[in-house]
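Only a predicted model underlies this, so the values are computations on that prediction, with no experimental measurement involved. Protein chains get the first letters and strands the later ones, always in sequence-line order, with residue 1 at the start of each. Values below: all heavy atoms of this structure, side chains included; hydrogens, waters and symmetry mates excluded.
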Amino acid sequence: MKIATFNINGIKARAEALVDWLREAEPDVVCLQEIKATDEAFPHELFDGLGYTIATHGQKSFNGVAILSRLGLEDVTRGLPGDEGDEQARWIEATVVGKRAVRICGLYLPNGNPAPGPKYDYKLAWMERMRARATALLATEEPFVLAGDYNVIPQDEDAAKPEAWREDALALPESRAAFRRILNLGLTDAFRARVRGPGHYTFWDYQAGAWPRNNGIRIDHLLLSPQAADLLRDAGIDKEIRRREKPSDHVPVWIDLDA
DNA sequence: ATGGTTGGTGTCCAA
């Protein structure tokens, strides 16, 4: 089962590029972030004939997540538990059944800038709610995947210029500690289980020639439950699509599970 | 320190 995460930065602006990538990469499951569209505005018709079932949790203008699956979607739920007043569309779950059933959680973790401030407080509180949800899922002892844009640079080796991110919400010690608290529940960073060392990025800013300078950061992650980690066969980053016309500022990250 | 770019349905905000 090939599972990918891709911050698409606007589904309406990127639908054609997404279809091209789906045809090439042939993922079974894709978690999308920043669709920047309501459920009604998602261009389902552009994906007809590709064989994907689509579940969205959209919002006008900002945020918005979706899951695409060519193995079907069961028990879809929307929203991260823990704050009934939270209006931001950043979390969606579904179960996908291949050889095994895998619970897929697609997430768009808050950016948190500027820090300190209310946006940073929201980010840290959201991460604590995510930790609680992961804890509940671990109790099921079933395979699950937390896939998305985490807006966290886990370590200095995950940035081309770590010093440029010192004061940024993506790399502040509290952000890294909150990420580690989730990881330390017993989850596995799938990419890091397969590839070690610096120089592996998933995001390059549109500004200041970040892409031609390879000034990137690794902020899109797939965390695996112990039962999912046992099934991990491979992981990778589809870096090359960043050089295409009108790309997203993120690229897809994928895993292959024996499931 | 600053500036640079993109998408949305915007006369600026979020990233």
Quote, to the nearest angstrom, the [atom1] distance that separates [N] from [M].
N: B/dG3; M: B/dT9; atom1: C1'; answer: 26 Å
N: B/dT2; M: B/dG7; atom1: C1'; answer: 23 Å
N: B/dT5; M: B/dG10; atom1: P; answer: 23 Å
N: B/dG4; M: B/dG8; atom1: P; answer: 23 Å

Residue met sooner reading DNA chain B from 5', once A/Tyr108 and A/Pro247 are mapped to nucleotides: A/Pro247
Whichever of A/Gln59 and A/His250 has its nearest DNA chain B nucleotide further upstream toward 5':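 The 5'-side residue here is A/Gln59.
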Rounded off to whole Å, could you give me the [atom1]-to-[atom2] distance for the [X] and [N] pair?
X: A/Phe203; N: B/dT5; atom1: CZ; atom2: C1'; value: 10 Å
X: A/Arg14; N: B/dT6; atom1: CZ; atom2: P; value: 10 Å
X: A/Tyr206; N: B/dT5; atom1: OH; atom2: P; value: 13 Å
X: A/Asp249; N: B/dG7; atom1: CG; atom2: P; value: 9 Å
X: A/Phe42; N: B/dG7; atom1: CZ; atom2: C1'; value: 16 Å
X: A/Ile8; N: B/dA15; atom1: CD1; atom2: C1'; value: 16 Å
X: A/Phe62; N: B/dT9; atom1: CZ; atom2: C1'; value: 10 Å
X: A/Ile153; N: B/dA15; atom1: CD1; atom2: C1'; value: 13 Å

Backbone N/O of A/Asp220 and side chain of A/Thr202: donor-acceptor pair under 3.5 Å: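 Indeed, once roles are kept as given, a pair shorter than 3.5 Å links the two residues.
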Given [options], which nucleotide is nearest the side-chain atoms of [X]?
X: A/Lys119; options: B/dT6, B/dT9, B/dA14; value: B/dA14
X: A/Lys60; options: B/dT9, B/dC13, B/dT6; value: B/dT9
X: A/Asn9; options: B/dT9, B/dG4, B/dG7; value: B/dG7

Distance test, side-chain N/O of A/Lys36 to OP1/OP2 of B/dA14, below 4.0 Å: no
A/Lys246 side chain near B/dG7 phosphate (N/O to OP1/OP2, under 4.0 Å): yes
Heavy atoms from other residues, nucleotides or ligands near CD of A/Glu163 exceed 12 (cutoff 6.0 Å):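 Check passes, neighbour count above 12.
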Donor-acceptor pair between A/Ser225 and A/Glu142 side chains, under 3.5 angstrom: no
Sugar-phosphate only, base, or nothing, as touched by A/Arg90 at under 4.0 Å among non-hydrogen atoms: sugar-phosphate
Hydrophobic cluster membership, A/Leu50 vs A/Met1, 4.5 Å side-chain cutoff: yes
CD1-CD1 distance between A/Ile153 and A/Ile219, expressed to the nearest 0.5 angstrom: 7.0 Å
